[in-house]
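Worksheet for the structure shown next.
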Amino acid sequence: MKIINGALLLALGLSTFACDGGDSDGAGGAGGQGAAEGACSVKDNGDGTATISCADGSSAEVTGLPGDQGDGCEATDNGDGTWAISCGGGDPVVVKQTAAFNSKVLVKEGNDLTLVTLHDDGSAPSRARVNKAFIDGGSISTYEVSSDNKHVLFIATDDTTSVVQLYVSDISGDKPTAPVRVNGALVADGSVISARFSPDGGKIGYIADEDEDGTNELYVAVIKAGKVTSNDKVSGTTTASAAVSSFVFSADGKQIAFLSNTAISTQSELYVATANGDADPNKVNGTLVAATSVQTDYGFTPDGKRIGYRALQGTAVYYDLYVAPVSSGNPDTAQKVNGTLDAVSVYNWGFSPNSKKVAYRADQDADLTVNTNLYISDIADEDPTTGLKVDDGGEGSAVGAFAFTSSSKYLVFMGNITDTVDVEVYSSDVSKTTPGNQTTLNADLAEDGNITGFSVIPETDNVVFLGDVTADARVELFFVHASGADDAVRVNSSLPSAGAVASYQVAKNGSALTYLAPNFTGGVPYAYYVKLADDGPKTPKVVSPIAFVGQPNLAGIALSNTGKLVWINDTFGGSGITDTISAPAILGSASAFVTFLD
């Protein structure tokens, strides 16, 4: 038996090659994560063919044998979508790398969580229930999949006592492991209130009145292979009837911030602690105006070195934005980053991906009537700068949604800046000390036209936006680089008169998007799939299964994280999953909640 060295394949750049292909004649096909997961073996079938099998369970049959001696194989990229595999000096076998897709999806059907596995051979999907059977009236109130797709947590009514508890299951294998309770034993009438994974997927934070009924405290459990290896209370000593109301992890999962009214019953204040509970938490905010609380939109910078929050501190009349350095659960003095406010509070805000800047919406123009502008502050140094205005809006203007691009160079935003009636989409280069002039990303709008929404494509400086640019009421989807150096290009296919893109979704890795739109006048929406590249979108493909086309209730679509699977939800005909190439698998009744595991 000849072994293909997984490390060698990975070094050659084929990190997802796990025999995920057929021979040059198209025979066979296998999916999986492959070489990064383990080695592959080659078996002589005795009929002129060989079967390549990999440690992750994937396999492919090829015509011809990849050599007859040796224990190491080499893979060479032919540059045309195929690879030549040779072992022990034998003649190489050409293997085609296919568009393999992850075959798992988690579906909430009624009161149950079901792990559905699609099979590359086209056979019926296999299904496995994650949760145990519920007693009468039991149900799952919420669930979440970890970022590494290895675990799912869910809060549910206990299967024997009707108590609301927290469970976790390992879903990385072919079948989910039996769910394990995460929380400790609850006091009488105690229950789990909320829970979430840490960004790295290795911890679960949850709020519960576990030790004393009516006192909601914060706990963090470490999870490994479907088991709880530790569980610690991290909210410190809490007064009776006090409550931790919300929490958030830092990106590395090592720190946790939360709101609690343990010090003053009428005020929720912001605390930060290490996520392993080895020290008491520390308060972040300064003295608050009586009977006010820190707002719930607090959070860490991506690098975990600072935390931001909005509050009424001292004698403030409007909510200011503060940023405090923090390390190992110990915050320094928080500093206000916005300027003097004019009759309104700081609205929504956000950190840049590189953690060096913070943007926010507010009114700092004392000489104008109430208007909302966009500002940015540099927080890289010990003394942050006071917010500088980004947009050119004057009296009556208003900035709406905004977002940084992945490089942190551009800030993209919507607003009625140029025309106080029409809403357009803009960008500004904020990589320098002073923000650059705003650039309009859309073309001139049709009469009464507006931009209705936008998204920054992950891992890029590209943007997609919706708007009736070419004709009033014909809402279309466009793609543009945030620099505005090139004109925006249309993403969707031609629409019928008065047709409109109803909705869209971008994959989390930025590789593709899906959208819903009709393709003939009066027609029902079809589901479309578009691959994305740095140079623009590719030609849209219809991915609605034939069974759904023409049905009146194509309710929505969902795209998996890596853009490999599309979920199509039709409230009349059922729900299905497609790999955008072959016919979708029909799973039965329509489901309201779907999570892809890829």
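- Defined by atom type and a distance below 3.5 Å, a donor-acceptor pair is missing between the side-chain atoms of N261 and Q267.
- A donor atom on one side chain and an acceptor atom on the other are found under 3.5 Å apart for S455 and Y504.
- Geometrically, R361 does not engage F402 in a cation-pi contact defined by less than 6.0 Å to the ring centre and at most 45° from the axis.
- In this structure the side chain of P537 reaches within 4.5 angstrom of the side chain of V489, judged on heavy atoms.
- For the residue pair Q255/T274, the side-chain donor-acceptor check at 3.5 Å is not satisfied.
- When only modelled atom types and interatomic distance are considered, N282 and D280 share no side-chain donor-acceptor pair under 3.5 Å.
- The shortest distance between side-chain heavy atoms of Y319 and L341 does not fall below 4.5 Å.
- Of the candidates N437, T418, D391, T418 is the only one forming a side-chain hydrogen bond (donor to acceptor under 3.5 Å, both in side chains) with Y426.
- Atom CG of D534 and atom CD of E459 lie 11.5 Å apart (nearest 0.5 Å).
- The closest side-chain heavy-atom distance from N373 to N371 is below 4.5 Å.
- Under the 4.5 Å side-chain criterion, counting only non-hydrogen atoms from C-beta, Y410 is in contact with D429.
- Rounded to the nearest 0.5 angstrom, S268 OG and L259 CG are separated by 5.5 Å.
- R306 has its side chain out of reach of F300: every pair of non-hydrogen atoms, C-beta onward, lies at least 4.5 Å apart.
- Considering F454, F465, Y515 in turn, F465 is the only one that fulfils the ring pair (Phe, Tyr, Trp, His ring centres under 6.0 Å) rule with F478.
- Between the side chains of S250 and D252, at least one donor N or O lies within less than 3.5 Å of an accepting N or O.
- Under the 30°/60° scheme for interplanar angles, the aromatic rings of Y219 and Y206 are found to lie parallel.
- The stretch residues 307-323 participates, sequence neighbours left out, in these salt bridge (charged side-chain N to carboxylate O under 4.0 Å, His left out) pairs: D297-R310.
- Taking 4.5 Å as the limit, every side-chain heavy atom of M414 sits out of range of all side-chain heavy atoms of E424.
- Note on ring orientation: taking the six-membered ring where Trp is involved, the planes of W349 and F351 are perpendicular (angle over 60°, cut-offs 30° and 60°).
- Between T405 and D461, the side chains place a donor N or O and an acceptor N or O closer than 3.5 Å (distance only, hydrogens not considered).
- For the pair K357 and D378, the salt-bridge criterion is met [side-chain N within less than 4.0 Å of a carboxylate O].
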